[in-house]
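Indexing begins at 1, ligand by ligand and atom by atom, following the structure's order. Only this structure's heavy atoms are used, side chains among them; waters, hydrogens and symmetry mates stay out. For this chain, numbers begin at 1 and follow the sequence in order.
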Amino acid sequence: MRTGIGAALPRVDGRLKVTGAARYAAEHPADGLLYGVVVSSSIAKGRIVSIDTAAACAVPGVVDVITHENRPHVAIRSRSYSDAIAPSGSPLRPLYDAKIHFSGQPVALVVAETFEAALYAATLVAVEYKAARHNTDLRNALDERFAPSGSRSEPKQSRGDAPSAHNDAPVRVAGEYHLAVEHHNPMEMHATTVIWEGGGRITVYDKNQGSQNVHGYLAKVFGFRAGDVRVLNPFVGGAFGSGLRPQYQVFLAVLAAKKLERSVRVSMTRQQMFTHVHRPECLQSVSLSSDKEGKLKSMMMTATSAVSRYEAFSETLLDWAAIAYSCDNFKFDYAVAPLDIPTPGDMRAPGAATGMNLFEIALDELAYEANIDPLELRIRNYSEKDELHGLPYTSKALKSAYREGAARFGWAKRSQAPRSMKDGKELVGWGMATGIWEAMMMETAASATLGANGHLGVASATSDIGPGTYTMMTQVAAETLGIPVESITARLGDSDLPKAPVEGGSAAAASVGAAVAMACRAVAGKLFKAAKKADGEALGKAKLEDVEFVDGAVRLKSDPSRAVSYGEIMRAAGEQSIEGKATAKPSGGDKKARNTHSAVFAEVKVDEDLGVVRVTRLVSAVAAGRIINPQTARSQIIGGAVMGIGMALHEESIMDHRLGRCMTHNLADYHIPAHADVPEIDVIFVDEPDAEVSPLGVKGVGEIGIVGTAAAVANAIFHATGKRVRELPITIDKLLD
Ligand code: MOS
């Protein structure tokens, strides 16, 4: 079986995961382990007046109840709490003082010899508050909207004269769109096990997307020397962005370990997973106009996303439409508005999942207004360059995605009129949308070590939050050095390993892949030198470019019979191991645009009597450069598409604004798509050779699956019912009049 780049290699860590041998953050054992349970604020804003811990402390097994009044010393300045991903503002300092910023904020940590004792004692902690007036309703915060500083794109963008173009255009649509708050809800909840090593040293197993980001945070906040903290996240049970920044449980676990000089574990409950990072609520107005042939004349969008009062999290929300489509006049205004909530954060395709999905619904409205097929309308506005920045692409095979996706779906058989297709008593709707995301690469280091026994180890401090990073690293190494995958071990998820950024933004395959390839090539170079010394005869006068590294041997490209095995080389050179190290850096500057694209086609069936929507078919055709592993990449697109179905139909964190609290804080009330909600998802990767986007030609596929999917489903619902719902998710109540 071929196992190198392009092969559908099953996950190399699959067996460990399905047998339970893979340990997650809350599963690492430690001698004398203590358990911390978080007590959460019951008010959304105000101050703690007093905390009575006497009853909790009296519970047998309780060791301590840590509050802002008795905590050990921690960094004072809020800047010390900034991490690599922090937006502008002052990060949360848990148990720092009496101030309450949001409902669910940790106010105490009960630490006990058993989890049960801590859990029970936490119910006995009596907190008296002085509540202040809070606001958790975005619609009541619009007066306070402001342009976030350090925003990832220009909050205000314009070209031409959009208002005049809009007024003069023969075809116009305008609407107000809304996206509800969404919570990531990975299967593994946020958890930390701190192992007290003695001598002031700690080993921290933490659920996160970047062990070195958490390492840096802990060193600054608690004043550890770098060598005294090691953070590990070898397995992560999903994250979707929720683990990009250190979450409060890692702070609390380390705080308790430091105070008590014991090993401590703190896990968030599923309810507490709704008291931190989330995709921000967004209100977005869209006005579009075109000529009678559907050529865009103007795009005007204003978006407001919710942020916390202490940090101005921002996203690239509106730019995508102006990158993707050719239009002479646009006017965008993106701002945020502060609420008394925890700081939102990145969630799968942050910004694009919100802004592009809502825009793609508006574009569908324009297609009906102009009476043009929605796919045809997109093709008429197609652009071969990044329209916003005026840059050519390294590659853009979106047209192939439109064509192949439409063919697979059978789009040509669609009838344009809403309510024109039926299956028995159910209305049938076909909708489509475009997806776009960035193809990023980030500076990443890796090492490769070849042993005399033929085993190769490759390592990087990157994470594997689910996409199959272990597998990808193994395949790249196998390809580069011609070693079977069974003889390769990939290591990651350890702050002691070669420097790597957080795993996010779909950048890991391009970045870590390139680093692993370079480290393996460094090993190859050393092997070649040693081979020439050891056995000059077989390779003759060959130069490095005349040989290849195949089947565990250096051999002449011109004469494969002339080869020297790695084992022979190392024996002759008397080497026990050969090591290569490399740092892969993005190159190419800003002269070209780098994006992934998708064309998503959805079929829904709607029972109008009940308002029930079923997604019955979904085709996602993706242009993402070179695909290292079609099996794991397909899983990424399916995962994104399922989240897109959730965004379209189900996922919604509902606030009780009187309490300022999220009321859907469990997986019964916060519905994520279950098997019955998800049809067979057909994933197509179109051919998109790209020698420029990254060293391996890889663009990355984590996020692109969600962008466009929610819009395709929403547009299919309109096609089925003739009813345009501009608020996601489109729940049953919105379809029943
Ligand atoms: Mo992803 S939201 O970049 O983890």
Side-chain angles (χ1 to χ4, degrees), residues 83-87 152-153 179 181-190 206-214 233 235-247 273 276-280 282 305 313-317 320 342-357 435-444 461-469 472 492-493 500-512 586 594-596 624 632-633 635-637 639-644 646-647 651 672 694 698-710:
D83 65 282
I85 308 299
R152 293 180 198 175
S153 63
L179 177 71
V181 172
E182 293 187 315
H183 279 86
H184 304 69
N185 276 302
M187 201 186 300
E188 182 198 18
M189 292 166 285
H190 280 275
D206 177 55
K207 182 225 177 76
N208 63 65
Q209 291 175 237
S211 56
Q212 290 174 335
N213 186 31
V214 173
N233 62 334
F235 296 101
V236 178
F240 318 118
S242 66
L244 287 169
R245 302 184 65 190
Q247 295 301 337
M273 291 294 286
H276 61 123
V277 63
H278 56 276
R279 192 194 298 282
C282 182
S305 289
F313 171 74
S314 70
E315 303 173 302
T316 302
L317 210 92
W320 308 100
T343 305
D346 293 311
M347 181 169 169
R348 208 170 197 154
T354 303
M356 188 66 175
N357 272 318
I436 178 170
W437 184 245
E438 303 170 81
M440 281 183 274
M441 187 182 163
M442 303 187 213
E443 184 170 324
T444 302
T462 187
S463 310
D464 187 347
I465 62 172
T469 312
M472 179 274 293
L492 53 74
V502 292
E503 175 161 80
S506 301
S511 315
V512 186
R594 295 145 201 274
N595 290 90
T596 52
T632 51
S635 294
Q636 281 302 295
I637 300 303
V642 170
M643 288 177 93
M647 177 179 264
E651 296 188 47
I672 57 170
S694 68
V698 167
K699 287 187 172 178
V701 289
E703 335 254 349
I704 186 66
I706 189 173
V707 190
T709 301

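Remark: ligand 1 and G505 share an N or O pair separated by less than 3.5 Å (distance only, no angle test). Between E703 and ligand 1, a contact under 3.5 Å exists for at least one N or O pair. At under 3.5 Å, not a single nitrogen or oxygen of L244, backbone or side chain, sits near a nitrogen or oxygen of ligand 1. Every N/O-N/O distance between D346 and ligand 1 stays at or above 3.5 Å.
Here N233 contributes atom CG and N208 contributes atom CG; the two are 4.5 Å apart, rounded to the nearest 0.5 Å. Rounding to the nearest 0.5 Å gives a distance of 10.5 Å between OG1 of T632 and CD1 of I637.
Note on ligand 1: A239 sits outside its first shell, no heavy atom being nearer than 4.0 Å.
One N or O on the side chain of Q212 and one on the backbone of A500 form a donor-acceptor pair closer than 3.5 Å. Although no hydrogens or angles enter the test, the distance criterion places no donor-acceptor pair under 3.5 Å between the side chain of D206 and the main chain of S211. Under a 3.5 Å cut-off, the side chain of R348 and the backbone N or O of G702 do form a donor-acceptor pair.
Residue contact check: M347 has heavy atoms under 4.0 Å from atoms 2 (S) of ligand 1. Counting atoms of ligand 1 from 1 in the listed order, those under 4.0 Å from a heavy atom of F240 are 2 (S), 4 (O). Of all the atoms in ligand 1, the ones that sit under 4.0 Å from a non-hydrogen atom of P350 are 2 (S).
Side-chain contact of H276 with Q247: a donor-acceptor pair under 3.5 Å is present, judged by distance alone. When only modelled atom types and interatomic distance are considered, E503 and T469 share a side-chain donor-acceptor pair under 3.5 Å.
The side chain of Q209, and not its backbone, has at least one atom closer than 4.0 Å to an atom of ligand 1 (non-hydrogen atoms only; side chain from C-beta on). Residue contacts with ligand 1, taken as heavy atom pairs separated by less than 4.0 Å, involve R348 solely via the backbone atoms N, CA, C and O.
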